[in-house]
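First the structure, in the form of structure tokens, and then the observations on it.
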Amino acid sequence: MRIYSGIQPTGCLTIGNYIGAVKNWLELQKENECLFAIANQHAMTVKQVPQELRERTYSFFAQFLACGLDPEKSILYVQSNVPQHSELCWILSCLTYIGELERMTQFKDKSHKNEDNINAGLLTYPVLMAADILLFATDLVPVGKDQKQHLELARDIAIRFNNRYGETFVVPEPYIAKQGAKITSLQNPLEKMSKSDKDQNATVSIIDPPDLIMKKFKRAVTDSDNRIVFSEDKPGISNLLSIYSAFSGESIESAERRFEGKGYGDFKITVGEAVADALRPVQEKYAIYMADKAELDRIMKEGAEKASHIAFRTLRKVKKKIGFVAD
Ligand code: AMP
Ligand code: TRP
């Protein structure tokens, strides 16, 4: 199957992104043809400092590689290096109604949060996302729940195009990881751990040094009864158990048994150590990649060439169908 996903280079990649996205991608890349992109054109819909955007693009790319996404198995690239995204985006935007875009929850949220910058890109964001996906004849799109609505729109656009111009696009299916994959903030366990959270203690980044990771887990918000069990009325402890299980490989049930009778303090230290230990090799590889930008450039270029090769063929077919003259 052809798999496509993207991530915006904003904030920093958290252990939530690792557990909810990258870990699934590592599994998917074993058996499928995958493309994973750094969606820097999507990131532009909110104001970015150019130098920071560039640095974060390198950093995210290096983190992909350090986590084990393999450019020999998957196509890893930066969205803006493949011009066909914007080209198809224009064409698809002429098949998308403003009403559909205005209904998107994320558009409404982001307009609310960025009242001084409700730009046209914020509105047409899902059309660019549809272009990303449809360019590559994608079967399956692993995304978080918050992207489900965008994916449904991508499907509607694909079906509309196919109906109007004849069978052209593969209609993609979402792949939403099961419940339980949602890692919550260490400071407010009822909220998703978000890579753009301003509170440094709320999130753990993949590249946080071990002592910082320990400090953040020690400060994690829990509750006042002292039982280490996974349950809905104990969101803080349940979140820590999920994180522990994801990084140690031990099941939640087995961890509950092992921590029975232990205090929260000790438990938090064990969780912190499990995360720091699991991330140590990732961080070592990350440092090596970041020290060699020329190598990163080379891998980015190779990925963009492979992606562009596929995208070019899709776009050629699309242009013919809609009545553009040959170039
Ligand atoms: P975002 O960080 O919102 O751009 O999301 C990028 C990807 O990471 C999506 O596929 C999400 O499903 C995943 N993701 C982000 N935050 C979390 C979280 N706290 N728990 C689980 N998965 C997450
Ligand atoms: N909009 C997605 C997000 O914020 C990122 C993204 C961009 C994406 N293009 C994509 C995800 C294509 C899946 C497929 O999470």
Side-chain angles (χ1 to χ4, degrees), residues 2-26 28 34-46 56 60 63-64 67 69 75 77-80 82 85-86 88-89 92 104-107 109-110 121-122 124-155 157-158 172-197 202-206 235 238-240 242-243 245-247 307 311:
R2 178 66 64 70
I3 315 271
Y4 189 99
S5 197
I7 203 158
Q8 296 187 60
T10 50
C12 56
L13 276 180
T14 68
I15 55 171
N17 295 122
Y18 182 79
I19 295 170
V22 179
K23 224 163 154 246
N24 295 332
W25 298 357
L26 291 172
L28 289 167
C34 299
L35 292 104
F36 300 114
I38 308 279
N40 59 344
Q41 288 173 298
H42 278 100
M44 261 197 86
T45 54
V46 296
R56 250 187 274 113
F60 273 46
Q63 288 177 67
F64 275 12
C67 286
L69 292 175
I75 300 179
Y77 73 102
V78 179
Q79 185 182 33
S80 64
V82 176
H85 288 269
S86 337
L88 183 62
C89 180
L92 298 182
M104 294 289 123
T105 324
Q106 194 182 79
F107 171 68
D109 278 358
K110 285 198 179 170
L122 207 56
T124 57
Y125 177 114
V127 187
L128 179 60
M129 184 161 156
D132 298 347
I133 297 165
L134 301 182
L135 271 177
F136 299 100
T138 303
D139 298 297
L140 214 57
V141 186
V143 281
K145 250 205 232 140
D146 60 328
Q147 296 298 314
K148 193 160 175 260
Q149 201 184 25
H150 291 162
L151 206 74
E152 273 156 15
L153 183 63
R155 289 170 54 87
I157 296 173
E173 295 285 342
Y175 172 89
I176 316 258
K178 288 179 247 16
Q179 264 298 329
K182 184 174 151 192
I183 299 304
T184 59
S185 154
L186 296 189
Q187 290 301 312
N188 178 2
L190 294 174
E191 256 178 36
K192 179 180 127 162
M193 183 182 286
S194 157
K195 68 194 202 306
S196 46
D197 199 318
T203 62
V204 175
S205 154
I206 293 181
S238 301
N239 190 40
L240 292 178
S242 299
I243 295 172
S245 167
F247 280 98

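Every number for a ligand or one of its atoms is a count from 1 in the order of the listing.
Summarising the contacts of atom 5 (O) of ligand 1 with V141, N17, D146, the nearest heavy atom is found in N17.
Taking distance alone, with nitrogen or oxygen atoms compared against 3.5 Å, Q106 stays at or beyond that limit from ligand 2. By the 3.5 Å distance cut-off applied to N or O atoms, D132 is counted among the residues near ligand 2. For ligand 2, the polar-atom distance check finds no N/O of H150 at less than 3.5 Å from any of the ligand's N/O atoms.
Ring pair H150/Y125 is tilted by interplanar angle, where 30° to 60° counts as tilted.
Between Y77 and H85, the distance from one ring center to the other falls under 6.0 angstrom.
Taking a cut-off of under 4.0 Å to the non-hydrogen atoms of A39, the atoms of ligand 2 that pass are 7 (C). Atoms of ligand 2 found under 4.0 Å from any heavy atom of V141, numbered from 1 in the order shown, are 13 (C), 14 (C). If you number the atoms of ligand 2 from 1 as listed, the ones under 4.0 Å from a heavy atom of H42 come out as 7 (C), 9 (N).
Using a 4.0 Å cut-off between heavy atoms, I133 contacts ligand 2 through its side chain alone, with no backbone atom that close. Counting heavy atoms under 4.0 Å from ligand 1, residue I183 touches it through both backbone and side chain. Residue-level proximity to ligand 1 for M193 is carried by backbone and side chain together, each with a heavy atom below 4.0 angstrom. Under 4.0 Å from ligand 2, the heavy atoms of Q147 that appear belong solely to its side chain.
Between the OG1 atom of T10 and the NE2 atom of H42 there is a distance of 11.5 Å, given to the nearest 0.5 Å.
Ligand 1 has K195 within reach: a non-hydrogen atom of the residue lies less than 4.0 Å from it.
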